[in-house]
Amino acid sequence: MAEHAVIVEVPLSGEGFGEPAERDEIRRISREIDAKLAQGTFGELDGDEFGGGSATLYLYGPSADELFDAVLPILAGALSGRRATVTLRYGEADDTSVQQRSVSI
């Protein structure tokens with residue numbers, strides 16, 4: 001079965017790594033997502049990345065839709081109004097025919 005992905009991109013202040021409080025908030029969200037995903041078989045949080053004026057969270061699992069549904073309450077509560085973009089990828093990263101859809105939070 002192909003590995004799906006949910007990629008969350010959160011804009012930060014400025015063009016670099018954001019403010020310390022923003023980075024702390026993203027790490028708090030990451031911990032909440034980790035705890036939620038540990039309760040089921042939705043997938044895993046593979047990490048985060050800061051730079052270029054945004055923070056990106058990488059989640060992988062067998063179903064992008066189920067993974068997204070599992071973490072949406074956390075994302076919606078924490079990122080409301082932040083203009084975050086979530087991309088759901090339905091297949092492997094190196095598959096050029098893979099379907100994707102993006103949603104804004």
Side-chain angles (χ1 to χ4, degrees):
M1 173 177 279
E3 182 174 64
H4 292 193
V6 173
I7 301 167
V8 182
E9 187 169 347
V10 183
L12 301 173
S13 301
E15 296 179 13
F17 300 101
E19 298 295 322
E22 291 175 306
R23 292 190 300 273
D24 290 345
E25 178 69 5
I26 296 300
R27 289 184 185 107
R28 184 190 63 74
I29 294 167
S30 293
R31 288 190 301 273
E32 284 187 39
I33 289 172
D34 253 346
K36 173 64 178 181
L37 296 180
Q39 297 173 4
T41 59
F42 307 108
E44 66 179 348
L45 173 68
D46 191 39
D48 55 44
E49 181 176 69
F50 293 87
S54 67
T56 307
L57 304 174
Y58 299 94
L59 295 81
Y60 299 99
S63 169
D65 291 322
E66 290 179 16
L67 185 55
F68 178 65
D69 289 345
V71 300
L72 180 58
I74 296 167
L75 297 175
L79 301 176
S80 178
R82 295 282 304 264
R83 303 177 81 194
T85 302
V86 181
T87 301
L88 285 73
R89 188 189 74 223
Y90 300 95
E92 300 289 342
D94 59 355
D95 182 352
T96 57
S97 68
V98 72
Q99 292 182 329
Q100 296 188 89
R101 75 176 171 107
S102 294
V103 294
S104 297
I105 295 179

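Side-chain atoms are counted along with the backbone in the values below, which use heavy atoms only and exclude waters and symmetry mates.
We find the OG1-CG distance between T56 and L12 to be 8.5 Å, quoted to the nearest 0.5 Å.
Grouping the Ile, Leu, Val, Met, Phe, Trp and Tyr side chains by contacts below 4.5 angstrom, directly or via other members, places Y58 apart from L45. Note: the hydrophobic cluster containing Y60 does not contain L37 (ILVMFWY, side chain heavy atoms under 4.5 Å, direct or indirect links). Cluster annotation: F50 is not connected to I7 through the hydrophobic network of ILVMFWY side chains, with a link wherever side-chain heavy atoms come within less than 4.5 Å.
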task: Assess whether side chain to side chain contact (heavy atoms under 4.5 Å, CB included) is satisfied between L67 and L88, documenting all intermediate values.
output: CA-CA 9 Å; L67 185 55; L88 285 73; over 6 Å; no

query: Is there a side chain to side chain contact (heavy atoms under 4.5 Å, CB included) between D46 and L59 once you walk through the steps?
result: CA-CA 6 Å; D46 191 39; L59 295 81; over 6 Å; no

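In plain terms, the two heavy atoms of A64 and A5 that are nearest each other are CB-O, 3.7 Å.
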With a cut-off of 3.5 Å and sequence neighbours excluded, list every side-chain donor-acceptor pair involving residues 98-105.
residue, atom, partner, partner atom, Å
R101, NE, Y90, OH, 2.9
R101, NH2, D65, OD1, 3.3
S102, OG, T87, OG1, 3.2

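With hydrogens and angles disregarded, no donor-acceptor distance shorter than 3.5 Å links the side chain of R89 to the backbone of V6.
Using a 4.5 Å heavy-atom threshold, the side chains of V10 and I26 count as touching.
Listed by first and then second residue, the side chain to side chain donor-acceptor pair (under 3.5 Å) pairs that reach into residues 6-22 are E9-S54, S13-E22, sequence neighbours excluded.
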